There are 2 protein chains.
Amino acid sequence: MRKRTRDIQKALSESGYRITQSRLAVIEVIMRARHSLSPEEILARARKIEPSVGLATVYRTLDVLHAEGYLERVRIGNKGYTLACEEKSLHFHLICERCRTVIELQSNHSSDALLAQLRAAGFKSRKNAVEIVGLCAKCQSPE
Amino acid sequence: MRKRTRDIQKALSESGYRITQSRLAVIEVIMRARHSLSPEEILARARKIEPSVGLATVYRTLDVLHAEGYLERVRIGNKGYTLACEEKSLHFHLICERCRTVIELQSNHSSDALLAQLRAAGFKSRKNAVEIVGLCAKCQSPE
DNA sequence: CTTCTTATTGAGAATGATTCTCATTAAGCG
DNA sequence: CGCTTAATGAGAATCATTCTCAATAAGAAG
Ligand SMILES: [Mn+2]
Ligand SMILES: [Mn+2]
Ligand SMILES: [Zn+2]
Ligand SMILES: [Zn+2]
């Protein structure tokens, strides 16, 4: 079990959640993942750690992790999840629909024309990460 | 039937599509709509014009209109559709999840920091409209 | 360690949106 | 008016997600 898994385990525990083997398996899988995974993919991997895990528990654990701020939902066709980032102000995720890499854009530019327009319109974004789906540089060239 | 409906009818016809009463009803409904509609909403309204319309045809017509560039998909929970805009380069849609208004952001700023970062990353967006979902100024205040 | 409470679980049913199937209909063209 | 076949409507099928519920096990208390 990785360090990050332990941290989350501790935090969940302190928030009153019970630390079950199924939850631990799901969390561990997500921590190990190199890119966002679908619930089915998470299930398959989690069962290698804890064979009895059910799909419903994967969904439920994802909900818990999302509610506690450890996950961000990502939509590439189907729902996917990636680790949440630290940035709390509005910023952008470039999501490659081929390799599912998530590129974080640094948008600290408070002078950014886009953010200025958002402010001017008085619009309040529900999420702090805006998803721009497409192909990363690597995935554009090779067929 | 509105002028825009006639234009689309003409264009679809010239592209080889048959102009059926069902399609006309769906198109007319979309043209009249003040905000994006779900397929079920479109069905209900279309049946007031052509009672025999089926839900499958609503979906099929939406696909046709989208493929021909007349509609943009919008996701507010469920799928929705709005009229496509003229802008072909990457720009932003502020979508209010309460009133479903779609605010077009003018992002002609070729110097825009965000677009510059996209270019620098070599990332190619699949859509030309990026959706920022939240609440418009009007919908934030009244309960 | 054992007991107790109840949050959590797994399996499968249920749901909801979208797509598919297929026999029937009607656009569009002579 | 016929012909050809794209398009249709109804309902089945699919797929992801949520729900139900009896069984289980985490964690607190003793
Ligand atoms: Mn982020
Ligand atoms: Mn637009
Ligand atoms: Zn990629
Ligand atoms: Zn609004």
Side-chain angles (χ1 to χ4, degrees), chain A residues 1 5-6 8-29 36-68 71 73-81 97 100, chain B residues 1 5-6 8-29 36-68 71 73-81 97 100:
Chain A
M1 188 184 353
T5 301
R6 284 181 173 285
I8 293 178
Q9 171 182 350
K10 185 158 174 286
L12 289 185
S13 182
E14 285 169 359
S15 294
Y17 293 100
R18 291 184 183 176
I19 305 305
T20 67
Q21 294 309 304
S22 293
R23 274 183 179 159
L24 274 181
V26 170
I27 294 171
E28 181 68 15
V29 163
S36 64
L37 300 173
S38 69
E40 285 288 357
E41 291 171 318
I42 293 172
L43 176 67
R45 297 184 187 194
R47 282 188 162 159
K48 292 178 183 170
I49 301 174
E50 174 58 53
S52 68
V53 185
L55 182 56
T57 292
V58 171
Y59 278 101
R60 289 186 282 233
T61 303
L62 289 172
D63 285 346
V64 169
L65 293 175
H66 184 253
E68 295 296 306
L71 282 185
R73 265 170 241 261
V74 156
R75 293 183 175 276
I76 313 176
N78 302 333
K79 181 187 289 185
Y81 292 84
E97 57 188 346
R100 288 188 283 188
Chain B
M1 190 185 350
T5 301
R6 283 182 174 285
I8 293 178
Q9 171 181 350
K10 185 158 172 286
L12 289 184
S13 182
E14 285 169 359
S15 295
Y17 293 99
R18 292 183 182 178
I19 305 305
T20 67
Q21 294 309 303
S22 293
R23 274 183 179 162
L24 274 182
V26 170
I27 295 172
E28 181 69 14
V29 163
S36 65
L37 299 173
S38 70
E40 286 287 357
E41 290 171 319
I42 292 172
L43 177 67
R45 296 185 187 195
R47 281 187 161 159
K48 291 178 183 168
I49 301 174
E50 174 58 53
S52 69
V53 185
L55 181 56
T57 292
V58 170
Y59 277 101
R60 288 187 282 234
T61 303
L62 289 172
D63 285 346
V64 169
L65 293 176
H66 183 253
E68 296 296 307
L71 281 185
R73 264 171 240 260
V74 155
R75 292 182 174 276
I76 312 177
N78 302 332
K79 182 186 287 186
Y81 292 84
E97 58 189 347
R100 287 189 284 189

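Here the structure is a predicted model, which is why all the values come from computation and not from measurement.
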A:A56 has a side chain; which of D:dC19, D:dG9, D:dA10 sits nearest to it?
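The closest nucleotide is D:dC19.
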Of the candidate nucleotides D:dT8, C:dA11, D:dA10, which contains the atom at the shortest distance from the side chain of A:R47?
C:dA11
Value rounded to 0.5 Å, distance of CD in A:Q9 from OH in A:Y17
15.0 Å
Residue pair A:L62 / A:P39, side-chain heavy-atom distance below 4.5 Å
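Yes, side chains in contact.
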B:A11 backbone acceptor or donor facing B:S15 side chain under 3.5 Å:
yes
Closest heavy-atom contact between A:T57 and A:S22?
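Taking every non-hydrogen atom into account, CG2-CB, 3.8 Å.
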Not counting sequence neighbours, which residues clear side-chain hydrogen bond (donor to acceptor under 3.5 Å, both in side chains) with B:Q21? List them please.
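Partners of B:Q21 by the side-chain hydrogen bond (donor to acceptor under 3.5 Å, both in side chains) criterion come out as none, since no residue qualifies.
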Any residue meeting side-chain hydrogen bond (donor to acceptor under 3.5 Å, both in side chains) with B:T5, in chain and number order, not counting sequence neighbours
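Scan of B:T5 (side-chain hydrogen bond (donor to acceptor under 3.5 Å, both in side chains), adjacent residues dropped) gives B:E28.
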For A:E50, enumerate each residue passing the salt bridge (Lys or Arg N to Asp or Glu O under 4.0 Å) test, keeping only those at least two apart in sequence or located in another chain.
none
Quick check on contacts: within residues 12-22 of chain A, what sits under 4.0 Å from DNA chain C by heavy-atom distance?
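Close to the strand are A:Y17, A:R18, A:T20, A:S22.
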Euclidean distance, atom [atom1] of residue [X] to atom [atom2] of [N] [Å, nearest integer]:
X     : N      : atom1 : atom2 : value
B:D63 : C:dC20 : CG    : C1'   : 13 Å
B:E40 : C:dT15 : CD    : P     : 16 Å
A:L24 : C:dT8  : CG    : C1'   : 13 Å
B:L43 : C:dG16 : CG    : P     : 17 Å
B:E50 : D:dA7  : CD    : P     : 16 Å

Would you say C:dT19 has OP1 or OP2 under 4.0 Å from some side-chain N or O of B:Y59?
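No, because none of the side-chain N or O atoms of B:Y59 sits under 4.0 Å from OP1 or OP2 of C:dT19.
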Distance check: side-chain N/O of A:R23 vs OP1/OP2 of D:dA26, anything under 4.0 Å?
no
Pairs touching residues 9-24 of chain B that satisfy salt bridge (charged side-chain N to carboxylate O under 4.0 Å, His left out), sequence neighbours left out
B:K10-B:E14
With nearest nucleotide decided by heavy atoms, which residue, B:L55 or A:T57, maps closer to the 5′ end of DNA chain C?
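Per heavy-atom nearest nucleotide, the more 5' residue is A:T57.
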Quickly, which of A:L12, A:V26, A:I8, A:I27 forms a side-chain contact (heavy atoms from CB on, under 4.5 Å) with A:V64? Name it, please.
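Exactly one candidate clears the test, A:L12.
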Using a 4.0 Å heavy-atom cut-off across all strands, classify A:R60 as base, sugar-phosphate, or nothing.
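Counting heavy atoms under 4.0 Å across all strands, the contact made by A:R60 includes a base.
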In degrees rounded to 10°, what angle is found between the helical axes fit to the five outermost pairs at each end of the helix from C:dC1-D:dG30 to C:dG30-D:dC1?
40°
